[in-house]
Amino acid sequence: MSRVSVPCHVKGTVALQVGDVRTSQGRPGVLVIDVTFPSVAPFELQEIMFKNYYTAFLTIRVRQHTSTHTPAKWVTCLRDYCLMPDPHSEEGAQEYVSLFKHQMLCDMAQVLELRLILRQPSPLWLSFTVEELQIFQQGPKSPSMTFPKWLSHPVPCEQPTPLLEGLPDPSRVSSEVQQMWALTEMIRASHTSTRIGRFDVDGCYDLNLLSYT
Amino acid sequence: MLQEESDLSLIIAQIVQKLKGSNLYAQLERQAWASLQRPEIKLESLKEDIKEFFKISGWEKKLQNAVYSELSVFPLPSHPAAPPEHLKEPLVYMRKAQGSWEKRILKSLNSMCTELSIPLARKRPVGEQKELLNKWNEMGTDEPDLSLFRPVYAPKDFLEVLINLRNPNYESGDSLSFRTHLGLIQVPLKVKDIPELKEFFVELGLTTGQLGIDDSTQVPPELFENEHVRIGQKVLTQQDSAAAQQYIRQGSPTALRAELWALILNISSHPEDILYYEQLKTNVIQHDLLVDSLIYKDVKLTASNDDYYFVFEDYLYQVLLCFSRDTSVLSHFAYNSASPPKSYIRGKLGLEEYAVFYPPNGVIPFHGFSMYVAPLCFLYHEPSKLYQIFREMYVRFFFRLHSISSHPSGIVSLCLLFETLLQTYLPQLFYHLREIGAQPLRISFKWMVRAFSGYLATDQLLLLWDRILGYNSLEILAVLAAAVFAFRAVNLMEVTSLAAAEAVLADLSTLKVMPLLQIFLFATVT
């Protein structure tokens with residue numbers, strides 16, 4: 001299904017740490033990233049896509065627009081989603097990840113704001129974050145067309161004319177021809193991407209030095 | 001789930017796209033057209049009848065084998081937003097390290113080129129072409145002056161690069177802490193531990209029959225060997241790649257090995273393949289490459305000096321020289337972290353339409369490269385078949401042994417797996433060797449880079465390579481390396497220098513591979 005990117009504003013990450021950030025020795029293991037959508041009305045979220053950078057677990061909270069006058073509350077829509085199966089090793093550390101609507105715990109119909117809570121319990125990494133964050137909403141549905149009347153309401157068929165002797169049934173022939181036509185269309189549409197196998201340019205393989213770029 | 005369905009259709013679409021350009025596709029088309037003559041194919045149920053015909057005539061099996069081959073070789077399609085570099089290697093710092101290593105190799109090759117004033121490539125004059133064609137089957141008798149050539153790099157240079165590999169996001173303080181790795185490799189890749197290896201290599205367990213153990217002279221053949229050979233023949237008649245791969249995990253009988261490997265690698269000798277090999281031979285005769293001299297030098301230094309392989313010297317030239325001209329090897333760079341070196345036609349520097357890859361297959365051989373081919377000469381005597389098998393083995397396995405990547409079968413992971421196994425299960429030995437300045441990886445690295453070729457006796461090596469094919473993974477090399485250290489642990493505990501440790505481990509030709517692996521994985525008390 002089609003999707004459309006939603007322009008979002010990603011605020012700077014905020015580290016959550018116990019104690020004083022300046023004096024304590026350890027590095028924060030929890031980061032919070034707020035994502036707002038300043039120029040867009042509340043929309044239905046389809047997909048969240050990003051590139052991981054050493055984040056082990058991801059929790060997402062969402063604030064949705066409510067029709068009543070009650071203030072919008074934060075709801076957790078994804079809890080402790082595992083991005084790195086072993087937080088101490090490199091597996092999954094720089095992977096591209098997509099999260100879809102159907103993976104969320106709640107309905108994402110009227111999203112106002114998102115809050116990504118990143119966790120990395122391992123002390124081995126100097127920093128962690130998510131990069132290239134993109135939010136997508138449902139793309140426009142294909143526009144409904146109005147069919148001409150004779151397509152949507154076919155005329156009831158008249159009594160077929162009696163078959164001439166010796167000729168095959170026309171409906172059978174037409175279905176067979178249709179199958180053959182479909183096969184030929186498929187063959188025509190296929191194309192191959194194999195190389196030819198020549199390594200020289202017009203018979204010449206006289207080279208300069210190897211290039212470093 | 002929605003995601004899995006779309007993943008599956010993406011994989012199917014990719015495999016179909018790849019197979020469309022292959023020989024098999026053309027053959028299936030021809031067969032389908034020819035089958036229209038048959039009485040059982042009716043026009044109204046054309047599709048189903050042809051499918052039934054393929055099933056009965058064995059063509060469906062060939063297609064299954066081709067699909068299985070594609071699945072084994074190519075990685076699963078990654079996220080649609082991932083750029084092609086990500087498929088080659090997901091970790092950015094490893095891509096950078098591979099890039100700088102490649103640059104060093106190119107500089108070395110360029111400087112050799114300018115020092116010796118030899119062009120990278122030149123067209124052979126007609127007289128020389130005729131001469132080479134006459135001498136094709138005995139190129140070993142040629143004694144060109146190769147004293148000025150030196151190998152572009154040796155495994156120990158590559159080891160130094162791996163030792164200096166660092167993740168910039170990894171905490172590595174100066175003082176020793178729980179973060180420092182005690183071995184030489186300092187990157188925190190995920191490697192399997194022994195319980196996971198036991199599960200992965202379950203067919204090597206103590207209760208399963210193995211060739212290499214249960215076919216020794218003391219064991220009556222009725223217990224295991226006869227039945228195993230019978231099953232092997234059945235697998236070959238069925239021509240099923242997946243079944244062959246499962247079967248070979250317990251080893252392959254010597255008589256069936258050549259056919260089994262060809263079945264697993266999905267190699268069949270059609271006239272088109274022989275023609276392709278002849279075309280490569282023509283390319284070798286027409287153009288002379290600098291890389292050819294490197295290959296000559298490597299063969300003379302390694303395989304020619306080996307007691308088992310010197311007889312195959314001529315075959316090695318025939319395979320390796322053709323391998324350098326084979327542009328179909330370029331397609332494996334899609335999933336290899338390395339990239340082929342580029343050059344421009346003389347006088348057209350910078351013009352993209354005159355950019356070419358050098359060598360045509362993009363692979364620059366290093367010292368010991370010919371040892372990847374040598375063991376295969378025992379199995380295949382027909383040059384084009386030998387060539388195809390080697391090429392397929394290279395683009396499936398051997399390329400991982402000399403490029404920097406985070407793949408579980410990549411050389412970095414193998415080194416880390418070896419060091420971790422040794423540290424965890426032989427801590428006293430590891431500590432002792434480290435204290436005397438003999439880091440174990442310095443000794444075992446050369447074994448793993450060559451996949452033990454030239455170090456083990458040939459029959460043992462082929463049993464080991466059976467398992468590489470059967471499990472579609474090179475991790476067994478690291479496990480064997482650790483098992484060898486475990487076997488010679490008593491002697492190693494008494495040495496006091498790196499040279500003495502090397503001497504203890506210098507000769508592996510008497511080792512029996514399968515008992516070592518079995519004991520290390522399944523019978524060591526931890």
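A note on names: the letters A, B, ... follow the listed sequences, proteins ahead of strands, and every chain is numbered from 1.
- When the candidates Pro360(B), Ser406(B), Ala81(B), Pro408(B) are compared by the number of heavy-atom contacts under 4.5 Å with chain A, Pro360(B) comes out ahead.
- Looking at heavy atoms from C-beta onward, Pro188(B) lies out of side-chain contact with His88(A) at the 4.5 angstrom threshold.
- Distance check: Leu210(A) CG to Leu106(B) CG gives 5.5 Å after rounding to the nearest 0.5 Å.
- When Leu19(B), Leu189(B), Leu91(B) are compared by the number of non-hydrogen pairs under 4.5 Å with chain A, Leu91(B) comes out ahead.
- Applying the 6.0 Å contact sphere to OH of Tyr354(B) captures no more than 12 heavy atoms from other residues, nucleotides or ligands.
- Annotation: maximal heavy-atom pairing with chain B below 4.5 Å, among Ser89(A), Pro85(A), Ala93(A), occurs at Ser89(A).
- Lys123(B) touches chain A through its side chain: at least one heavy atom from C-beta onward sits under 4.5 Å away, while N, CA, C and O do not.
- When Val92(B), Val16(B), Leu109(B) are compared by the number of non-hydrogen pairs under 4.5 Å with chain A, Val92(B) comes out ahead.
- Atoms OG and OH, on Ser211(A) and Tyr358(B) in that order, are 14.5 Å from each other to the nearest 0.5 Å.
- Atom CZ of Arg104(B) has 12 or fewer heavy atoms from other residues, nucleotides or ligands within 6.0 Å.
- Other residues, nucleotides and ligands contribute only 12 or fewer heavy atoms inside 6.0 Å of the CZ atom of Arg79(A).
- Using a 4.5 Å cut-off between heavy atoms, Pro119(B) does not touch chain A at all.
- For chain A, the option among Leu289(B), Val356(B), Ile345(B) with the highest count of heavy-atom pairs below 4.5 Å is Ile345(B).
- Between the side chains of Glu90(A) and Tyr93(B), a donor-acceptor pair is found at a separation under 3.5 Å.
- Of the listed residues Lys107(B), Gln279(B), Glu102(B), the one with more heavy-atom pairs under 4.5 angstrom with chain A than any other is Lys107(B).
- In terms of heavy-atom pairs under 4.5 Å with chain A, the best-connected choice from His79(B), Gln286(B), Lys47(B) is His79(B).
- Only the side chain of Asn167(B) comes within contact range of chain A, with heavy atoms under 4.5 Å apart.
- Taking OG of Ser127(A) as the start and CG of Asn169(B) as the end, the distance is 4.0 Å to the nearest 0.5 Å.
- Side chain of His86(B) to main chain of Gln94(A): a donor-acceptor pair is present (N/O by atom type, distance under 3.5 Å, no hydrogens or angles).
- Contact of Val191(B) with chain A is not made at all, since no heavy-atom distance falls under 4.5 Å.
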